[in-house]
Amino acid sequence: MPIPSNLLSPSLMDKNNGRQDGGEGPLPAPSAGWEGVVRRGQGPQVPGSPPPKPFHKVLKPNNLCEVAVALPLFQTLTYRLPSSLQDTARVGCLVRVPVGRQQVSGYILGPAREVPGVKIREVLALLDPLPRFGSELVPLWRWVADYYQYPLGEALSHLIPGGSRPSCPKREHWVAIRAEADHSPSRRLGARAQEILDYLRKTDKPVAVRELRRIFPTCPPILQRLARQGLVSWEERLAFADPLKDKPLRPMESGLTLVPEQQDAVEAVVEGIKNEEFAPFLLHGVTASGKTEVYLAAAREALAQGRQVLVLLPEIALTHPVAQEFRRRFGERVALLHSGLTDSQRLDQWRRLAAGRAEVAVGARSAVFAPLPRLGLIVVDEEHDPAYKHEGGLLYQARDVALYRGQLARAAVVLASATPAVSTFFRARQGRYRYLHLPKRVTPQALPEVQLINLRQQRGGAGLKIISPPLASAVTATLGRGEQVLLFLNRRGYATVLFCLFCGHLFQCDQCSVALTQHHFRDRLICHYCGFERAVPERCPACQSTAIKRHGVGTERVEAEVRRLWPEARVARLDRDTAPHSGRALDLLGDFAAGNLDILVGTQMITKGHHFPGVSLVGVINADQSLFFPEYHAGERTFQLLAQVAGRAGRGGVPGKVLIQTYQPEHYVFQTVRDQDYENFFDKEVNSRRELGYPPFTRLALVRVSGVPQEKVAQQAKKLAESLRRIVGRDPDLASRLRILGPAPAGLAKLKGRYRWQILVKSYGRPPLLALLKQLRQVWSPPPQSKIDLTLDIDPANLF
DNA sequence: AGCACGCCGACT
DNA sequence: GTCGGCGTGCTC
Ligand SMILES: [Zn+2]
Ligand SMILES: [Zn+2]
């Protein structure tokens, strides 16, 4: 039996084997393999000077290299470099190689050794002369593939732009004046040539011919002549487009001073950068506490130290303004990376970074993999945002990848949020992240007043109302003062959960403590975590009432009710139906901000980024829809959402008012939102997680089986769950630390024509989970020629 | 992912 | 006797 090459390749000799990490964190310490060498300390970059070559030659004289091919393989392959490529091929180069009788693309990861019993074939072609990444990223690639149990080559083909087609970076011509120009007689030159020379003399640094043409449209032939005469230098450089070029730069506000708390935070982060050790921080700052100023100042220092900066934001829409802020301060050294760019635009930005022509990368989730060989600071803004978890394909959590990357690069990592993720705050409490607190707003804006409205029915009371009398009168009063109202509701519940109208009792799974969902195909309540099933109840077990309600009210009904109650008001609705994509949505938001509307009814999207100075009342129609959502983290999401909504209320010096309608006003999530007390929320939430065995006290993995027909999917899921339980049962070590829940139909039991079943694995510590998942690969026999497949979600965020 | 190898049913 | 079904396993 031949030994897989990667077991022999030097790069894997010292690979870390899922090292113990203390149980809760997803991040084993990185090993210091040959790829992990950290190079830095080149000193400050002088703009315009050629950047140091970020990539060293690592391919050894045997001319064998390890290649991750774009196939679903859980191993890398070894190839020989033909003599024609021996000088040009580097780590990070995109190549075409033969695999079986097909040809595929892949990336060179490093040198390799002969593989006993395998005839090594040759690399066929170099698809891009420039490496797409340096050796500093190789250990990160390996870790991601291993941690998320995803084939490495396939992962790279998704993460790096420009993966398939051969592509040569564009080049352009640059000219500069040479000393000879001063000594040569000027009579022999034309007037135009003289002008150009004067311009170049004045500029005194290389200029792109493309730029020069804007001033002297006919310059290329003249320049060529001047170059032949030795009066100007003529060279070729890589050409990059600047995606921010057309956007106007607002002038920088002057007199920006930091308050003492900001100052302290900056100093702590800067110290972390200078120490050249991994330095993770939680920057916990309320809305408008000036978190951005802190990381901008830290970034300035990182750049001054010759280190690079990576800034991650949860949404594409937020990347442009932040990139602009950076550009105002640091000029053109800023690259922008997000999935809203075309593949060729992304490749262009990627190459700019890989070639060392940009020092700062700003982007969304996928930018966490940007090629930055001298990384010194990573900022994950709004670190709690679920958008950092990629859904589909490689299911990575960009915040966690950023932390691991920070360890490899010995960089400072700043996780910034007003409402940190429970797992993040937990580690800050443990002292694993240094805690930086910005408790005060830098703008003179009062905190909003939050009130809870109990929706519970009284016996013999009035019927159900979408808008309760207290909220209605608050709206009337607000409109009477000529102020605006925001009515917020959750996206229509795609989960059907049941609760009691009289006492607020929620029907939950006793074992998992998540809401049971009513599935359309059977009239039963099911726990989609563990598969528990029961009949639909007729009475509430807590108060014996028969008033059991299904959840869900949509924006249309709210809008209709609003129009009925306030026929004079100017009302608009904003949700997926009204506003497919931004265009109309932006118009509506603009109208609202300008005061042309009185009431805006909307979903989640109105909480993001927009601030409406005229809004003095925010009504949350159905907060329970979020709290009752069948996920273990429903409470965390609800707190974060409501805290963000509350931050939208209020203007200038006048505090806004937030009214939250709920059937469980005594629930700690609402109590702590009302008090705007994050730490109290955290303490309650973390106790519940501890008792129930959810993260950060356990690690989760979701094994999802999907396809058609439904019966086959269910049967495969059952078989798989049995196999997993057998594996665990055989090993007492695993048995004590692993729980297999399910199989159960997913909450979304059918998605895009495919039926979904799932198995949830809970693990105390990472090693047992890893051991199980490694064996999973063997017991999963791809079922008979079927359209059924299996996906593994590590640290899942969406178990529904 | 492809593609070849291989071991059992109905066809020239 | 073979042609071909797709289950199984490998690809440097
Ligand atoms: Zn009840
Ligand atoms: Zn359950």
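Below, read A as the first sequence line, B as the second, and so on, with proteins coming before strands; counting in each chain starts at 1. Note that the structure is a prediction, hence the values are computed from the model and not measured.
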Exercise for the section: Please report, rounded to the nearest Å, how far the P atom of C:dG9 is from the CD atom of A:Q75. Expected result: 15 Å
Exercise for the section: Would you check if there is a donor-acceptor pair between the side chains of A:Y529 and A:E631 at a distance under 3.5 Å? Expected result: yes
Exercise for the section: Please report, rounded to the nearest Å, how far the P atom of C:dC12 is from the CD atom of A:E122. Expected result: 13 Å
Problem - Euclidean distance, atom CZ of residue A:R101 to atom P of C:dT11 [Å, nearest integer] - result: 14 Å
Completion exercise
Rounded to whole Å, CG of A:L73 lies from P of C:dC12 at a distance of 9 Å
Completion exercise
Those residues at least two apart in sequence (or on a different chain) that pass salt bridge (charged side-chain N to carboxylate O under 4.0 Å, His left out) with A:E122 are none
Completion exercise
When rounded to whole Å, the CG to P distance for the pair A:L71 and C:dT11 reads 13 Å
Exercise for the section: Using salt bridge (charged side-chain N to carboxylate O under 4.0 Å, His left out) as the criterion, list what pairs up with A:D128, not counting sequence neighbours. Expected result: A:R132, A:R351
Exercise for the section: Write down the distance between CZ (A:R121) and P (C:dT11), rounded to a whole number of angstrom. Expected result: 11 Å
Handout entry: Residues forming a salt bridge (charged side-chain N to carboxylate O under 4.0 Å, His left out) with A:K718, sequence neighbours excluded
Key = none
Handout entry: Interatomic distance where CZ belongs to A:R96 and P belongs to C:dT11 [whole Å]
Key = 22 Å
Exercise for the section: Can you tell me the distance, in whole Å, between the CG atom of A:L124 and the P atom of C:dT11? Expected result: 17 Å
Practice task
Not counting sequence neighbours, which residues clear ring-ring contact (aromatic ring centres under 6.0 Å, His included) with A:F629? List them please.
Solution key: A:Y494, A:F800
Handout entry: Nucleotide interval of DNA chain B bounded by contacts with chain A (heavy-atom cut-off, under 4.0 Å)
Key = B:dA1 to B:dA4
Problem - Selection residues 741-765 of chain A - residue pairs positive for salt bridge (charged side-chain N to carboxylate O under 4.0 Å, His left out), sequence neighbours left out - result: A:R754-A:D789
